[in-house]
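What follows is a single structure, written as structure tokens, with notes after it.
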Amino acid sequence: MNWEELFCVETAPMPAVVIIFGATGDLAQRKLFPALRSLHDRQLFNENSRIIACGRRDFTDEGFRQLLGGEPDFLDHISYCRGDNNDDAVYEKLQTLISDFTRQSDLPCNKLFYLALAADDMLNVCSKLAQHGLTAENNGWAHVIFEKPFGYDLDSARELNNALHKYLAEDQIYRIDHYLGKETVQNILMLRFANVIFEPLWRAEYIERVEITAAESLGVELRGGYYDHAGALRDMFQNHMLQLLCLTAMEVPSSFDADAVRNEKTKLLKSIRPFDLKNPDSCIIRGQYTANGDTAGYRQEKNVASDSMTETYVAAKVMIDNWRWRNVPFYLRSGKRLVNKKSEIAVIFKNIPHSIFQGLPPDALGANTLILNIYPTEGIELSLQAKKPGPKLCIGRMTLNFDYSSLGKAPVDDAYERLLLDALLGDPTLFIRSDFIEEAWKLLTPVLEDWQKNPDSLEFYPANSEGPAGAEKLTAPANWRSLV
Ligand code: BG6
């Protein structure tokens, strides 16, 4: 594969103070600090920037830096602020630390807050930040990143949006979805809108169906407490799966501007046909994994109720009511403890209308497929029919394969790194706007309500399998692509 660089946006984040709440937690330790360190090592973190780690545990600055470990030139940027998020003293200390930094450097006071906290604590922290003047934008900007889950259903999401809007303008709110930071996911828009060859075919006339898969082989691990109240629909569908769907199916935006892109995504969501819940075979099904051999079932997992009815798998047939996608099914599935970890978007084209090759009807030739691989590799695969070299007429299938790793280490190669960089640059394109969140809940809340009323609709599937049998009915007579 040859790569010739055509254009590269120069990125130079402004100096800012990054304040991480929940700094000793799992997300901060596993993802956020490594992402900030990597930005620093790639000179994408302004040298005059600072990081304040907020947590309840008792650390000195030095002790916290030791916890992170690594090179001092990154660690020197970090201070630790100990305290309870409900305690005003934390915010007073933050005010002092932030004004000390900005006074020393005589720079504008840009602040990026990252709330790596449980959903219930986020609003509280936000109101405290506002009370203490920390979200004011009088000398520099203030952006706040929120982790999912963003709401529990339509009402709670609306309430949360309304409550946040009391303290923050919408353009200060960065709702994160880490799938949007993945290379292949960002590449969907490049592939579709920077090339002429796909877009004319990207419609009902040429596309038979689209399959979007995010399958995991792990179970809920140590997150049973959270997961048992969430389930796969809230954990994966309301956010990651709908984002993948929207990027794949949306219309061309007028520019690569945050609002232009997000307007198109929301418009697409509004075009999705509500699920016909009276006919579950044709729309959305859920399952829960059970023990298989040495692998525990979901109900045996730590912090999961022994009679839990929470779904660990969801599959849906989504129809989009607009001109482009008339009658084209989009099949979405995501689940835990499946036979393999695999994420992809597969675009399956129609068969040729007529075959000129004797003895080979159009459907025997097979359909072209374009696969956008998200995991385990990130890349693109396009399958074509081609002649086998030799004197006989033999037709076979060949695959053009592009793997991102062949380009070497990407400049920004972790989703959180990319998204933190964007938040520092003030670019919300890859973050979720409030109207998108509400539209997504509008689509899915009736499903949650229906499941609550009809617990028997929960199917069971053995751990390490391809998922529940009901998923097969959705795509019939076609089959899902194999997970292995
Ligand atoms: C998270 C979910 O948002 O995404 C997890 O809360 C899930 O349950 C994870 O495991 C999957 O992310 P990835 O990047 O591993 O596909």
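Just so you know, ligand 1 is whichever comes first in the structure, and atom 1 is the first atom listed for that ligand.
For ligand 1, none of its N or O atoms has an N or O atom of Tyr227 under 3.5 Å away. In terms of polar-atom proximity, Arg223 is counted as a contact of ligand 1, with an N or O under 3.5 Å from an N or O of the ligand.
Under 4.0 Å from ligand 1, the heavy atoms of Tyr179 that appear belong solely to its side chain.
Checking Asp235, Asp177, Thr312, Asn239 against atom 2 (C) of ligand 1, the nearest heavy atom belongs to Asp235. Nearest to atom 13 (P) of ligand 1 by heavy atom, out of Lys148, Glu221, His178, is His178.
When Glu183, Gln186, His178 are each tested for a side-chain hydrogen bond (donor to acceptor under 3.5 Å, both in side chains) with Arg418, only one passes: Gln186.
For Phe45, the ring-ring contact (aromatic ring centres under 6.0 Å, His included) partners at least two apart in sequence or on another chain are His77. Applying the ring-ring contact (aromatic ring centres under 6.0 Å, His included) rule to Phe402 yields the partners Tyr404; only residues at least two apart in sequence or on another chain are considered.
Residue-ligand proximity, Lys336 to ligand 1, at heavy-atom distances under 4.0 Å covers atoms 5 (C), 7 (C), 8 (O), 10 (O). Against a heavy-atom cut-off of under 4.0 Å, Lys182 is close to the following atoms of ligand 1: 13 (P), 14 (O), 16 (O). Counting atoms of ligand 1 from 1 in the listed order, those under 4.0 Å from a heavy atom of Glu216 are 7 (C), 10 (O), 11 (C). Each of the atoms 13 (P), 15 (O), 16 (O) of ligand 1 lies under 4.0 Å from some heavy atom of Lys341. Those atoms of ligand 1 that come under 4.0 Å of a heavy atom in His240, given as number and element, are 1 (C), 3 (O), 4 (O).
Because its NZ or CZ atom is not both nearer than 6.0 Å to the ring centre of Phe59 and within 45° of the ring axis, Arg82 does not count as a cation-pi partner of that residue. Under the 6.0 Å distance and 45° angle rule, Lys341 counts as a cation-pi partner of Tyr375.
Ser306 and Arg299 share no donor-acceptor pair across their side chains, judged by distance under 3.5 Å alone. A donor-acceptor contact closer than 3.5 angstrom links the side chains of Asn263 and Arg433.
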